[in-house]
Amino acid sequence: MTQHTTAFTNLGLSAPVLAAVTGAGYDTPTPIQAKAIPAVLSGRDVVGLAQTGSGKTAAFVLPLIDQLLAEKKQAPGKTARALILAPTRELAAQIAESVNTYAAGSNLTCTVIFGGVKPGPQIRAMARGVDILVATPGRLLDHASTGALRLDHTRRVILDEADQMLDLGFMPAIRKILKQLGSPRQTVMFSATMPAQIRKLADEFLKNPITIAATPPSRPVERIAQAVLYVNAADKPDTLVDLMSKEVGRKVIVFTRTKRGADRVAKRLAQYGHGVNAIHGNKSQGQRERALAAFKEGKAPVLVATDIAARGIDVVGIDLVVNYELPNVSESYVHRIGRTARAGADGRAVALCAPDERKLLKDIVKLTGIEPKSLNDAPPMPKGDAAKPAGAGKPKRRRNRRGGGGQSGQRQRRAA
Ligand code: AMP
């Protein structure tokens, strides 16, 4: 990577924050940190294009802590001096964890608010006011509407993974939140991609922002060795078992398109002796946390996840990302494989591509500019199997369950 040898000490951070950086064990800033930290410290609005794994959390949390310490203010009851919005509870929890790490030596307070858990403790935590509030949009608005918290004293706001918030349908909630915030305020937005609607949001709510990008958007980290295995949909379960038999003891995330699919895959891998858990939107917060902890500690080194549940998973040492099914949205592929090769490590990604997913793979290659290496012995591409994109998704389920008797199943059998 073309990174100049910028040191953390050259970025304008104060001594206590630099001590926290040293405490976290970081030597040099990542490219996004080198650019974002001075930009945020300047007080201007900032748009940052950065993928997950780029070190973006510290890129906005470190300067924020610095600013809040310098102001020496206190938050009145039920208010927050700064707000960090995240699309999922996992990401919100991870960000709060980072805040607590970097703010450990200070007396700054941090609270995290997300749905799926009882509101009572969150209301009590807000009662005295906090310095940094990390929240998902829906539950935050719930609390704002009941009067459990107020946003009019919040003068610093960070939107993390804005494109994901858009995908999850949070744009109306975000607009509502931004309108309730105090002014003048500093607004910082991070996103892995910059679709038109996100740009519009930035134009509307950010004033003359500094735009920074560490790596070209939508480009997966070059260190990831990407591969693809062309396989019929009906053969995916066996192919996965085969693949995973060579990965025993390694940390692997397997992505599926649906919650039910995640459960099915996890069950099958468990039958073959893998320590495995599934996480998705139907799991309780407790289940998700336990699964994540077991994954982190290596007790259950295989995690089967849907896209949404996997947001914010920041686990060091993930060896392999398996795309059991290709995502309908190419950007999701970038997010998925970004789970490996984090913080300087190399990583691998394998996609299982059925004939009706060829179009999705093509789109991914177009977006990333990188052709995954084929792991098939022979070229598997007889003509005519470039079926409709699997994006149509839903209607196919029943046919597949009957053993691939539908249109795509017939094509696959012929192809095989
Ligand atoms: P993020 O992109 O914020 O999710 O961060 C990805 C990972 O990189 C996290 O595990 C961080 O702890 C780690 N990290 C962040 N900044 C640095 C740094 N300057 N040096 C080494 N690791 C870092």
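Note that the structure is a prediction, hence the values are computed from the model and not measured. We count ligands from 1, going down the list as the structure has it; atoms in each ligand are counted the same way. Only heavy atoms go into these numbers, but all of them, side chains included; no hydrogens, no water, no symmetry mates.
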Contact check: Lys56 vs ligand 1, nitrogen or oxygen atoms, below 3.5 angstrom: yes
For a 4.5 angstrom cut-off between non-hydrogen side-chain atoms, does Phe190 reach Ile32? yes
Counting from 1, what ligand 1 atoms have a heavy atom of Gly55 closer than 4.0 Å? 1 (P), 2 (O), 3 (O), 5 (O), 15 (C)
Is it true that Asp163 and Arg199 have a side-chain N and a carboxylate O under 4.0 angstrom from each other? no
The answer for which part of Thr28 has a heavy atom under 4.0 Å from ligand 1 is backbone
Should you measure from each heavy atom of Ser54, which atoms of ligand 1 turn up under 4.0 Å away? 2 (O)
Near Thr57 (heavy-atom distance under 4.0 Å), the atoms of ligand 1 are 1 (P), 3 (O), 4 (O)
Expected list for residues 177-184: side-chain donor-acceptor pairs under 3.5 angstrom, two or more places apart:
none

Among Phe190, Tyr26, Phe8, which one puts a heavy atom closest to atom 20 (N) of ligand 1? Tyr26
Check this for me - ligand 1, Tyr102, N or O atoms closer than 3.5 angstrom, yes or no? no
What part of Gln33, side chain from CB on, backbone N/CA/C/O, both or neither, has a heavy atom under 4.0 Å from ligand 1? side chain
Taking the basic N atoms (NZ, or NE/NH1/NH2) and the acidic carboxylate oxygens, is any pair closer than 4.0 Å for Lys366 and Glu371? no
For Glu71, all residues meeting salt bridge (charged side-chain N to carboxylate O under 4.0 Å, His left out), sequence neighbours excluded: Arg81, Arg156
Could you check if a side-chain atom of Leu49 sits within less than 4.5 angstrom of a side-chain atom of Ile212, using non-hydrogen atoms only? no
